[in-house]
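Letters A, B, ... mirror the listed sequences (proteins, then strands); counts begin at 1. Just the heavy atoms: all of them, side chains too, but no hydrogens, waters or symmetry mates, feed the values below.
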Amino acid sequence: MAEVRVQTKAAAGTSGQPTPQEIREQRRYLELGLTEAEYERVCERLGRLPNYVEAGLFGVLWSEHCSYKSSKIHLRKFPTSGPQVLQGPGENAGVVDVGGGLAVAFKMESHNHPSAVEPYQGAATGVGGILRDVFTMGARPIAFLDSLRFGPLTDDRTRYLFANVVAGIGGYGNCVGIPTVGGETVFDESYRHNPLVNAMCVGVLEADKMAKGAARGVGNPVFVVGARTGRDGIHGATFASAEDPTEKERSAVQVGDPFLGKLLMEACLELIATGAVVGIQDMGAAGLTSSSAEMAARAGGGLELDLDRVPVREEGMTPYEMMLSESQERMLVVMEKGREELAFSILCKWGLEVAEIGRVTGDGRLRLRFAGEVVADVPVAALVDEAPVYDRPADAKYVQPGLTVAKPEPAAGDADAWAQYLLTLLAHPSIADKRWVYRQYDTSVRTATQVGPGSDAAVVRLPGAERAVALATDGNGRYVYLNPRRGGAIAVAEAARNLVASGAKPLAITDCLNFGNPEKPAVMRQFIDAVEGMAEACRALDTPVVSGNVSFYNESQGQDIFPTPVVGALGVIEDLAHVTESAFCTADSAIVLVGPIDSALDGSLFWQLLAGQPAGDAPPLDLALERRVQDLVQSLIRTGRVRSAHDVSDGGLAVALTEMAIAGGVGAEVTLPVTPRDALERAGLLFSEAQSRILLEVDGASAEVIVQEAAQAGVPALVLGKTGGDAVIIGGDDGVWLTLPLASARAAYEGALPQAMRAPSARGEADA
Amino acid sequence: MRWAVIVFPGSNCDEDAALAIDRVLGDPVDLVWHDRSDLSAYDAIILPGGFSYGDYLRSGAIARFAPAIAGVRAAVQRGALVLGICNGFQVLTEAGLLPGALLVNDHLQFRCELAELRVENAETPFTLDYAPGARIRIPIAHRDGRYHADAATLSQLQRERRAVLRYVQNPNGSAQDIAAVLGANGRILGLMPHPERAVAEWMRSTDGARMFTSMHRYVEQQGASLAASAEGVGRLG
Amino acid sequence: MTKWRATVRVWLKPSVFDPQGHAVLQALASLGHDGVEQVRIGKSIELTVAADNRDEAEAKVRRACEELLCNPVMETYAVHVEEGAQ
Amino acid sequence: MTKWRATVRVWLKPSVFDPQGHAVLQALASLGHDGVEQVRIGKSIELTVAADNRDEAEAKVRRACEELLCNPVMETYAVHVEEGAQ
Ligand SMILES: Nc1ncnc2c1ncn2[C@@H]1O[C@H](COP(=O)(O)OP(=O)(O)O)[C@@H](O)[C@H]1O
Ligand SMILES: [Mg+2]
C-alpha cells in the first residue's frame, strides 16, 4: 500500500490551527486534554509529531470519560459473565437472556455535569443518549429509570435544578414514547453544588438478533444518519472529565431533539431488522471520533472517512470540529456492501438524512480525508486499546468518617415524640412520596407497565410473552461515604432485594459510579473499595455487571460528593401471577418480618438528622444471609401466599411499615418481641437501616408456617402483627411505643415534596 | 368492522391503540402511515397519542397537513367514526374538525395519572356502553391538555351536550372541566384521556374498553358495514 | 433576490389565561423583584426570507403565520420585516 | 412611579441547535413556502414594570432576565423598554 502523507502544513479548514511543532513547543496538547507524558506517548506511537486533528483525537479518546483510564483496572474486578449474560461490558449496552426466546439490553449513564449547567437540556440529552445506546443493540426500548441526587430543597437554585431536570427527563422520554417507570430521588447537602442525574434505559430483543457496534468487512460503506453535525458540544467528553464544569466550554450544552431521537430509533430498528447492518453505534461523547474509532477497534480493522461528505449544519467547519462535535441524535452505521439502497429507502421513509462518509479498511488505521488531503492517519489500536491506564494512588486505608461522630441519642420521649420522629422521617424529601416527580413522566405508554413508580421495583410486561421484567435503581451515598466497601455491597444487595420483593429473580445489574476527583488518593480509595464491595455482592447474589458508566470529578469548590455508586438491577418474573407490590392489600393479614431484628442505627437517616451528619458505620450487612433472605422470599412469593412485600431501607422498619400502610390505605399494628433497654435501642428497633430485611403481608393462617420455613432456610423471621385499622401502631413487650394515624402519616409523606416545591426557584448563578 | 390507526412519525400510542382494539374486540385493525389519504376501507379511524411531529410549535400543528387528515375528512363525510386520543384530539382541533384548542396545562407540567371522569352524554357512538352520569377512570398523560374555546363555543357545546366527558377533578385547567369533545356531526370524538390504557385489570382500570365496544356496537347497528359498501364500489371501479 | 429578516411575535389573546406568564410573575414577586406588575409570554420567531422586495417578504411571512405559525383560536401575531439576513 | 412596558426577547445562542426552529423550517418547506431559509424560535416576554425612570425600569427587567428568564449558558436576551402599560 502506498504511503499516505499526512498533511502537516496549514491546509484547507485548518487555518489558525497550530502546527505540529507549535503544539509541542507551546504545549497546546494540554488544552486538548493530554498530559505531557500522554503527548510524548502519542509522538512515540506515531513515530512523528501529531497534527492538530490527530492530537485532538487522542485528547478525547484518552480522556477519562472515553478511556476509563483511572477506573479500568478496578472495573475488571466485577463479575461479568454467567449463563444469563449474552453481552457483557464493552458494547453499547449489556444484554441478558430473560427466557422465552427474549433478551433484554440495558445500561445506565450519567449526565451530571451538563445537568448542573442547563438542567432541562442536560437531563433531556442524557435520556436521549442512553436511549440510543440501547436501540443500537437492536433492542426496542421499553422503559426508562432515573436516579437523581440534589442538595436540600430549601435552596432556590436546587429547586430550579430539580424542577428542570425532572421536566427534562420527562420532556425527552414522554416524547419518544418510552415510559419512565422508576428511579430514585435523594436529597443531601453533599450534592448541593454537584447534582447527579443518572438515566437508565431498558430494551427488549429476540435473543438471537443482537446488533453490535463493530465495523467489519473490508470495503463495507459507512454512513452517518440523523442530525447534521454542528459546532455544538465540542469538548463535551473532556468537559465531563474536568474539574469545574461551569467554567469549561459552555458550548458543550446541547439542546435535545426528542422527535428526531424517536425517528432515529424507529429507523434504526427497522434497518437492523433487515439484517443488512454490519455494525451500528450512536455518536455520544466525542461524537464521530469515538464512534468510528471504537467501531473499528471492535472489529480489529480500520476506517477511512471522507469528511467533506459529513452533512454539516454550519459552514466552514474544520475536520477537527467535525470529529469532535457532539451534536445529538446521530448514528454511525456500517452496511453490507450492495445493500445501501435498503438503508436509503428506510431512512427516507422516516425523513432522515443519511450520507455515506467512508468505508471499512483492513489496515487498522483511522484515516481522515478532507479537501483532498489526509488530515489524520493514526492506528486505531493506539487510540482505543492502548489508551493509558492509570493505577492512581489511593490511600492505604479509608478513614471511616462516621466512626468519630458522637453517637446521637434521642431523648426518651412519650409516644407523641416517637410518632413525631416517624413523621419527620416520612416527610424527609429522600423518603417522602415521589409522586411529584413521576407524575411528570409518562409511566403507562406502551401499555405494558404493570407496576409503575411507587412500589419497590417497576414491573414491565414483555411483548408477546406471559412474563415480565422487574427494574429498580438503588445506591446510598451516605453508606458508601461511611464505609465504601460495605456501602458498595449494599447498593447491589438493596437493588436486588427490591426486585425480589416485587416477585422477580434478579439476573444482572448495570451501574453508574459517581465519584469525586480521582486524583485525590482518598477518593480513589473510596472508588476501589466500593467497586470491590459491589463485586462481592454481585458474586454472592449471582448478578453480574453487564454494562455501566463511571463519572469522576463530581466535586465543586474542592468538595467531593458522597461517593455514589448507583445500581440499576434487572430481574425476571416468569409467571405474571407472582407480581407483588408494596401496598397492603387488605385488613387482617399477618405481617411477617423476614430477616433479623436489629437496632443498629449506623448510617441511618435517623442518626444523620440527629447528628447533622452521617454517623457510625454503614448499616450491617451479611451477604450470605442476604442471599438466603432473597432466595426465601422468591420461593415464598411463588407459593402464592404473599399478598404484598416491601424491603426495609431508609427510615427502617417503622418507615417501611408505614409506607405499606399509606400505599394500601390499610393500617397496621405490630409488636416486636423485645423490651428496649433505653431510648437509643428503641430508636434503633424502629429506625435501623440494617440490611437483608423484607416485610411480608401474608394470610393469617400461613404466617407461622412461613416462619418455620424461614427457620429451615436459615433465615430469622417473626410474625410482627397484623394489618387493619386506620393507624400505624408499633410497640414491644413493654407496651405501645407509637401510634400514628394513617391520615397524618399520609399528609406528611405525600405533602413533603409538593410543599417544598411550592416555593419559587431561581436560576441563580451556577457555581463559580 | 375494520379499524385504522393513523401513524405519524412521532406517534407513540399507535400500537397501544391497535392492541387495545385487538384485546377488547378482536376486530381487524391496520396501522396506516400518515401519507395515505385513502381511508375508505375503514369504519373507524383512530388518531393516536404521541407527538406527531415533535409538537414543538403547537401540538398537532404540523400533522393537520398530512394526507391522512384529508382521508379523515372524507371518511367523516361518508359516516365513519373518528376517535382522536390525546395528540389525536390536538390534531383534530388544529385541523378544525373539532372546535377549540388545547393549551399547555395551567400548572405547566406534564401530568400522568389515572383521572376520574364523568360521562355527560351516553348517547353518542363513543359512549353507548356507559351508564349516563357514570364515573369512570382512565389515565391521562399530557402537557398540553387544557381545553380552551371561546364563550360562544362553550355554551354551544353545553347546549348540544357535546362535552361528552368531564374531569371530576380538573387536572389541567380545562374550561368547564372538559375532557372530551364531540364534533357537530356526532361522529368525531376528541379526548385527552387514553382509553387504550384502561382495558385490562392489570392496567388498574378497564373503563376504557367500553369506548371501543360502544363504537363497535354503533357501527354494527348501522347495518351493512360501511367498509363492505366502500370496498364494493372500489371493486366496481 | 434579497434576504429579509422577519421577526414574528405570537402571543395569546388577552382573554386566554397565560399560566407561564403568571408563574413568572409570581416567581419574580417572591424572589423580591418588586415593580413587575404583569407578565405575558409569547413566542418570537425569526425567519430569514428571500424575496424581491419588502412587501413580498412580508406577504410570505404572513402566509406562514396564517397557515402554521399562529392558531387564531387563541393567538394573535405581529410581523416585522427588515433587510438583511440574521 | 410611571408604568413601563418592557419586551424581552430570549433566544438560543447561534451556536446552539434549535430543534424547534428546524422542525418549523422543514414543515414550511414541505408546505411549499419557498423562500424561507432559516427559522429560529425564541420567547417574547412582555412585562409591565413600575419604575421612576426608564433606566430603573430597564435595570429591573435585566435583573429578572439574569435571575430567571434567561440561562446565559445557552441563551441570549435583548430588552426593549417604552413608556406606558400594555
Ligand atoms: N426520580 C424518580 N423517577 C421515577 N420514579 C421514582 C423516582 N424517585 C423515586 N421513584 C419511585 O418512588 C418509589 C420509592 O423510591 P425509593 O424510596 O427510592 O424506593 P426504595 O427505597 O424501595 O428503593 C419507587 O417506586 C421509585 O421507583
Ligand atoms: Mg424498596
Side-chain angles (χ1 to χ4, degrees), chain C residues 1-12 14 18 20-21 23-53 56-70 75-78 80 84-86, chain D residues 1-12 14 18 20-21 23-53 56-70 75-78 80 84-86:
Chain C
M1 281 210 278
T2 325
K3 303 268 187 215
W4 303 84
R5 174 198 159 108
T7 307
V8 175
R9 283 192 309 122
V10 179
W11 65 96
L12 289 172
D18 167 23
Q20 232 187 324
V24 166
L25 180 64
Q26 287 209 314
L28 287 176
S30 54
L31 292 171
H33 291 257
D34 41 63
V36 180
E37 297 181 350
Q38 206 193 322
V39 181
R40 293 199 51 97
I41 302 191
K43 282 174 226 166
S44 157
I45 307 174
E46 321 250 322
L47 305 98
T48 306
V49 183
D52 288 330
N53 54 54
E56 192 195 315
E58 187 167 329
K60 282 189 181 186
V61 173
R62 287 197 178 274
R63 229 171 23 247
C65 290
E66 303 283 330
E67 202 177 5
L68 186 67
L69 301 180
C70 170
E75 293 169 329
T76 342
Y77 69 91
H80 174 84
Q86 359 211 240
Chain D
M1 279 209 279
T2 325
K3 303 271 188 216
W4 303 84
R5 176 198 158 109
T7 306
V8 176
R9 283 193 307 122
V10 180
W11 66 95
L12 287 172
D18 169 22
Q20 220 185 339
V24 167
L25 180 64
Q26 287 209 315
L28 287 175
S30 65
L31 292 174
H33 291 258
D34 41 64
V36 179
E37 297 181 349
Q38 206 191 322
V39 181
R40 290 190 64 90
I41 302 191
K43 276 182 261 184
S44 155
I45 308 171
E46 321 250 323
L47 306 99
T48 306
V49 184
D52 288 329
N53 54 53
E56 192 194 316
E58 185 167 330
K60 282 187 180 187
V61 173
R62 289 197 176 272
R63 226 170 27 246
C65 289
E66 305 281 329
E67 203 178 357
L68 196 66
L69 303 178
C70 170
E75 293 170 327
T76 341
Y77 67 92
H80 174 83
Q86 357 215 242

With a 4.5 angstrom heavy-atom cut-off, could you sort out which part of C/Glu67 is near chain D: side chain, backbone, both or neither? side chain

Quick check on the interface: out of D/Ala50, D/Ala27, D/Ala51, D/Ala57, who has the most heavy-atom pairs with chain C under 4.5 Å? D/Ala50

If we define contacts as heavy-atom pairs under 4.5 Å, which of D/Met1, D/Glu56, D/His33 has the most with chain C? D/His33

Where at least one partner belongs to residues 25-39 of chain D, residue pairs that pass salt bridge (Lys or Arg N to Asp or Glu O under 4.0 Å), sequence neighbours excluded: C/Lys3-D/Glu37

Only counting residues at least two apart or in another chain, list the ones meeting side-chain contact (heavy atoms from CB on, under 4.5 Å) with D/Gln20. B/Tyr56, D/Asp18, D/Ile41

Nearest 0.5 angstrom please: C/Ile45 CD1 to D/Leu25 CG, how far? 12.0 Å

The reported gap from CZ in C/Arg63 to CG in D/Leu28 (rounded to nearest 0.5 angstrom) is 10.5 Å

Can you say whether D/Ala64 sits under 4.5 Å from chain C via the side chain, the backbone, both, or neither, judging by heavy atoms? both

Quick check: closest heavy atoms across C/Lys60 and D/Gly35, and the distance to 0.1 Å? NZ-CA, 3.9 Å

